[in-house]
Amino acid sequence: MFYNTIVMYAIACASIRGNPKVKDIHFHEILISENGHRVISADAKAYGIINSDTISAVEEYVVEEDRDNFIKNIELADSSWFHVEIKSGDDNHLYYVKADRNADDGMIRLVMVNIDELLEAHYRLNRQICAYKAQLDLFEDVFFEYNPERDTVNVFNTEIAEFDAGVYSLSDFEELLTQKVSGRKKNAVKGFITQLKGKTGRFTARIDANILNDDPNVTYTLLEEAFLYYDKETEGVVGHIHLGTEKVKTTATSIKHDSLTGLVDKTDITRIAKERIDERRLEGTTLVIIDIDFFKHINDTYGHQYGDDVIKRIADIITKEVGNEGIAGRFGGDEFLIVLYNVQSEDELRAKLKSIKNMVAASFPDRGIEENTPLSVSIGTATYPADADTYDDVFMLADHCLYLAKEKGRNRYVLYTLEKHGTLESIREKRLSIKKINERDLSYGDVIIKMFDMTLHGKGSTVEHFMDEFAQGFDFQHITLFVGQPFKRRYSTGTAALKNPAALDFMLGILNGDSLDTFIGDQKFIVVNRIETLPPYANGLKEFLKDLGIYSYVLLRFNDKDGRDCILIIASVGKNTQWNQMHYKFYRAFTDLLSLYSLDETENDRN
């Protein structure tokens, strides 16, 4: 039923996001090892449910009578939902669970949702459906839903029309609407059908005729449609047909919308934000800037039409997540601005931004810059008056946080905080000297090119000097070069260079031991964004890295000029780092530079 479709969409945009009870539904994600089913990572609430100590198998938290079925389903990992009763503290709760296997890392991902929460949401949604249906019945408009996959139109509420409600092919629907008009008016209706089939974000057509019946008082027909993105597999278009008379003065909407996405256009989203902050002084107003990472790659690889489809889908994800808690606009080609009305807590804001980021990744799981990686977005945000007291300053802080999200590797959100990011004035001064975001990579490229130029066309330099330059240019905390066989440390540098003799002995023990093939194998380039994702057999290495404060690293293996086996390790100390995929080429280029030199095995460490 169309009623159910449009009402469910309205609820997704309004009720679920706006109702404090309904939005408490939590889908928890838990990553477990394929062997032993031990918890590797989970969100905070999931840890609270299973009380995991990461040593016990996750099935130990399932009641005994459901345990065999639970194990069977997670080992099958076919993404089918099944129910299970889980022991949580002194109580047991029913959950729906599904499992799928990640072929790349040999782990199993569990998604869990509390059945009581789902039932409560179901009852509330049914009440909302009744309310929305009653509201739709107050209008005499004809409503319709277009299904692009079937190329059919579901039409209903047709009491004022001379055709019945029902499902029509798109061509039959066009014929129904053009029976009473000809010439330019007929072409205008056909143009609307073309926009409908093209799944335009939002489109309105006015026909100066009555296309539904013979009522002489009707002087025009208004046709309106809006694109809907239900999930990564399903999309559609909904709309209505309104009959009007000139006796009723019609006015254009005060808010203009972007034709591709249906979001508010740049002029009006800016006006709304300025009014709330500079004129009405509404506390809690938060600006969120979202940018699609490497969108040029999407256009270049898949074409501009697919790029438009990506923009439309992400716009709909944003619309659903914002709901009635704010308003979203298209701010540029691949950039969006959200104005959230009344953010009360940082946790609330983080949950919303995380949901947008994750939904984009889930919708485009293989469209990232690297092969078989998801498309991502970078997000920056700041709030009035907690962070600044004018629109221009709040926007500048949000934009600066977007810059930081891009700089730190993209695929993340950054919330402005004074302690982390500095004062408004200091950021303003920094921005005067910072290049535009799309020019940043050039500065890193210049670092590498300068080194190659010195080597190939100049007097050259030492490996130690190059490593120092590399660490400083990329702001690395830790870089160590090992040369073998057997491996010995050639040089360490960075703000947290490896100096601990015991730590060095441990690393050399791994590199020169039988476990090297287990950890590295034939791989030449390894990226670990979170050491928690290391497999169970690497627990010893994981604990060692934690003791050193290393939470993320990149490992590159190459040969020097004389064919010696070399390993370069770049590490992040004291924090997790989502390594910037666009910088991988620079890391590889640096090892290409080192491979031009004879890297003897003599230790030459910085004191």
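Bear in mind the structure is a predicted one, so any value in this text is a computation, not a measurement. Reckoned from all heavy atoms, side chains included, excluding hydrogens, waters and symmetry mates.
A salt bridge links Asp100 to Arg109: one of the charged nitrogens lies within less than 4.0 Å of a carboxylate oxygen. Under 4.0 Å is where a charged nitrogen must lie from a carboxylate oxygen, and between Lys190 and Glu174 at least one such pair does. A salt bridge links Arg313 to Asp309: at least one charged side-chain nitrogen sits closer than 4.0 Å to a carboxylate oxygen. Using a cut-off of 4.0 Å between Lys/Arg side-chain N and Asp/Glu carboxylate O, Lys274 and Asp278 are scored as not salt-bridged. Taking a cutoff of 4.0 Å between a charged side-chain nitrogen and a carboxylate oxygen, Asp268 and Arg271 qualify as a salt bridge. Salt-bridge formation is not detected for the pair Glu335/Arg330: no Lys NZ or Arg NE/NH1/NH2 atom is positioned less than 4.0 Å from an Asp or Glu carboxylate oxygen.
At distances below 3.5 Å, not a single donor-acceptor pair connects side-chain atoms of Asp258 with backbone N or O atoms of Val264. In terms of modelled atom types and a separation under 3.5 Å, the side chain of Thr381 and the main chain of Leu287 share a donor-acceptor contact. At least one donor-acceptor pair closer than 3.5 Å links the side chain of Arg412 to the backbone N or O of Arg410. A distance-only check finds a donor-acceptor pair linking the side chain of Ser363 to the backbone of Met359 [under 3.5 Å]. Between the Asp393 side chain and the Asp389 main chain, no donor and acceptor come within less than 3.5 Å of each other.
Nearest heavy-atom pair, Gly380 versus Cys401, reported as atom, atom and distance to 0.1 Å: CA-CB, 3.7 Å. In terms of heavy-atom proximity, Leu31 sits nearest to Met107 at CD2-SD, 3.5 Å. Considering every non-hydrogen atom in both Thr245 and Tyr220, the closest pair reads N-CE2, 3.6 Å. Residues Glu346 and Leu415 share a closest heavy-atom pair of CG-CD2, 3.5 Å. Between Val394 and Thr383 the shortest heavy-atom distance is CG1-N, 4.2 Å. Across all non-hydrogen atoms, the minimal contact from Ala382 to Tyr416 is CB-CB, 4.2 Å.
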TODO: Under the side chain to side chain contact (heavy atoms under 4.5 Å, CB included) rule, what do Phe227 and Glu235 come out as? Steps first, then yes or no, please.
DONE: CA-CA 8 Å; Phe227 170 80; Glu235 57 189 23; 3.6 Å; yes
Task: Derivation and outcome, side chain to side chain contact (heavy atoms under 4.5 Å, CB included), residues Phe336 and Val377 - done: CA-CA 11 Å; Phe336 307 89; Val377 292; over 6 Å; no
- [ ] Apply side chain to side chain donor-acceptor pair (under 3.5 Å) to Asp308 and His304, showing your working.
- [x] CA-CA 6 Å; Asp308 286 348; His304 287 269; over 6 Å; no
Task: Evaluation steps, side chain to side chain contact (heavy atoms under 4.5 Å, CB included), between Ile311 and Leu260 - done: CA-CA 8 Å; Ile311 289 173; Leu260 177 66; 4.0 Å; yes
TODO: Check the pair Thr390, Asp392 against side chain to side chain donor-acceptor pair (under 3.5 Å), reporting the backbone distance first and the verdict last.
DONE: CA-CA 6 Å; Thr390 68; Asp392 288 339; 5.6 Å; no
Task: side chain to side chain contact (heavy atoms under 4.5 Å, CB included) evaluation trace for Ile298 with Phe364 - done: CA-CA 11 Å; Ile298 293 291; Phe364 304 97; over 6 Å; no
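Within the 4.5 Å cutoff, the side chain of Glu321 has no heavy atoms near those of the Leu353 side chain. Looking at Tyr413 and Arg350, their side chains come closer than 4.5 Å, going by heavy atoms from C-beta outward. Looking at Tyr341 and Leu282, their side chains never come closer than 4.5 Å, going by heavy atoms from C-beta outward. Side-chain atoms of Tyr302 and Arg367, non-hydrogen and from C-beta on, do get closer than 4.5 Å to each other. Residues Ile290 and Val360 fail the side-chain proximity criterion, which asks for heavy atoms closer than 4.5 Å. Asp208 is not listed as a side-chain neighbour of Thr219, based on a closest heavy-atom distance of 4.5 Å or more. Looking at heavy atoms from C-beta onward, Val414 lies out of side-chain contact with Ile379 at the 4.5 angstrom threshold. Proximity of Ile338 to Lys352: side-chain heavy atoms (C-beta onward) are nowhere separated by under 4.5 Å.
Counted by atom type alone, Asp151 and Tyr146 present one or more donor-acceptor pairs between their side chains at under 3.5 Å. Of the N and O atoms on the side chains of Ser345 and Asp347, not one donor lies less than 3.5 Å from an acceptor on the other residue. Residues Asp172 and Ser169 bring a donor and an acceptor atom of their side chains to less than 3.5 Å of each other. With no hydrogens or angles considered, a side-chain donor-acceptor pair links Asp293 and Ser378 at under 3.5 Å. Asn147 and Glu145 share no donor-acceptor pair across their side chains, judged by distance under 3.5 Å alone.
Atom CD of Glu275 has more than 12 neighbouring heavy atoms from other residues, nucleotides or ligands inside a 6.0 Å radius. Around CD of Glu175, the count of heavy atoms belonging to other residues, nucleotides or ligands within 6.0 Å does not exceed 12. Within 6.0 Å of atom NZ in Lys98, more than 12 heavy atoms from other residues, nucleotides or ligands are found, so the atom counts as buried in its surroundings. The neighbour count for Lys180 NZ, taken as heavy atoms of other residues, nucleotides or ligands under 6.0 Å away, is above 12. Atom CZ of Arg150 has 12 or fewer heavy atoms from other residues, nucleotides or ligands within 6.0 Å. Atom OH of Tyr168 has more than 12 neighbouring heavy atoms from other residues, nucleotides or ligands inside a 6.0 Å radius.
Ring centroids of Phe395 and Tyr384 are separated by 6.0 Å or more, keeping the two rings apart. Aromatic pair Phe173/Phe144: ring centres closer than 6.0 Å.
Taking the six-membered ring for Trp and thresholds of 30 and 60 degrees, His421 and His400 have ring planes more than 60 degrees apart, a perpendicular arrangement.
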